[in-house]
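First comes the structure, then the notes that go with it.
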Protein chains: 2
Amino acid sequence: MKLSKKSEYGLRALLELTLAHGRMTLQRHEISDRQHIPIEFLEQILLTLKRAGLISSRRGAKGGYTLIKQPKDITLGQVIRILDGPLAPIGCVSKTAYQKCRDCPYSDKARCPVQQVMGTVRDAIAGILDHYTLADFASDRHKG
Amino acid sequence: MKLSKKSEYGLRALLELTLAHGRMTLQRHEISDRQHIPIEFLEQILLTLKRAGLISSRRGAKGGYTLIKQPKDITLGQVIRILDGPLAPIGCVSKTAYQKCRDCPYSDKARCPVQQVMGTVRDAIAGILDHYTLADFASDRHKG
DNA sequence: CCGAAATTAAACTAATTTAGTCAACAATCG
DNA sequence: CGATTGTTGACTAAATTAGTTTAATTTCGG
């Protein structure tokens, strides 16, 4: 049940971009310095987030990265799915990337106890991460 | 946020042992056949569960495995921690295996947004898995 | 006591994922 | 032009995952 460094760094980078949102673009070294992220790894992450349409970038001198959506419109769940894949503990309970379980001895989907309990875990995780936005994240409030 | 095959197989194996509990011991091939688990991998898992004190075994002809605790006294959280490690998405929010985060830019523990949200995720996961026992699991009921 | 049946234990392996690193390239600004 | 900065893809080392193999030990039935 682990969050990868990639996702953790991605969230920290987006936190910085959220704090700068509307005011300025940030260069990779600014993000890297403030959040202690290895710079080349950070680039790779920012590129993925760019391809996913969350941020934009400008090359050359005076270049940098900017959020292109409102912080309140980006949830942590979205970000983690982009960087780490589905939130669900097992494929057969994922709602965004369902995969039928191979070799499960229970033919009827509803009868598998593992699936049942992992379904509730998935819902709990998604319930938190899909309602927590970058805006919440940056404002440092407690939730629930 | 993934559950390993090891934990999944471990849970399925314990499910079989729960169903047999008090009535008979099960041999590895019975568990393996019923739950479609590669037999040598299953052994490895059963050995870990034995060392953790959840099951006992008898060697030789007529040998096999038995639960040595009451199904209602074993939670899925315990089992997953034994086989996969801590439930927490990141070490610094684990209650059973806390690890200080290295290189976190926030010196004050309470101020880190990643830690805050992952703390609520950890509590949600543990809230489910630490209250769901093998007895619940085997009785196939829905929960909360 | 013998041999088959069963668990124990540890070492081994192949594939995948994680966490980066590196080098060549392209665009932009002054 | 040349320094700065992002782009892209290839590369790598270490860890993890999902097993497999081998050898040993214990127990039961005859």
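Letters A, B, ... mirror the listed sequences (proteins, then strands); counts begin at 1.
Ile31(A) places its CD1 atom 13 Å from the P atom of dT5(D), with the value rounded to the nearest Å. dT5(D) atom P lies 14 Å from atom CG of Leu42(A), rounded to whole Å. Distance Ile45(A) CD1 to dG6(D) C1': 16 Å, rounded to the nearest Å. What separates CG of Leu47(A) from P of dT5(D) is a distance of 18 Å, to the nearest Å. For His36(B) and dG19(D), the NE2 to C1' distance is 18 Å, given to the nearest whole Å. The CD-C1' distance, from Glu43(B) to dA11(C), rounds to 16 Å in whole Å. The separation between Leu26(A) atom CG and dG6(D) atom P is 10 Å, rounded to whole Å. If you measure from atom CD of Gln27(A) to atom C1' of dT4(D), you get 8 Å, rounded to the nearest angstrom.
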Contact state string [nucleotides 18-30 of chain C, B base, S sugar-phosphate only, - no protein heavy atom under 4.0 Å]: -SBB----BBBSS

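Atom OH in Tyr65(B) sits 10.5 Å away from atom OG1 in Thr25(B) (nearest 0.5 Å). How far CG of Leu46(B) is from CD1 of Ile31(B): 5.0 Å, rounded to the nearest 0.5 Å. Leu83(B) CG to Leu49(B) CG: the interatomic distance, rounded to the nearest 0.5 Å, is 5.0 Å.
Counting only residues at least two apart or in different chains, salt bridge (charged side-chain N to carboxylate O under 4.0 Å, His left out) contacts with residues 17-38 of chain A comprise Glu16(A)-Arg34(A), Arg28(A)-Glu43(A), Glu30(A)-Arg34(A).
Judged by distance alone, with hydrogens and angles left aside, the side-chain atoms of Ser94(B) form no donor-acceptor pair with the main-chain N or O of Gly91(B) at under 3.5 Å.
Looking only at side-chain heavy atoms (C-beta outward), Arg12(A) and Pro105(B) come within less than 4.5 Å of each other.
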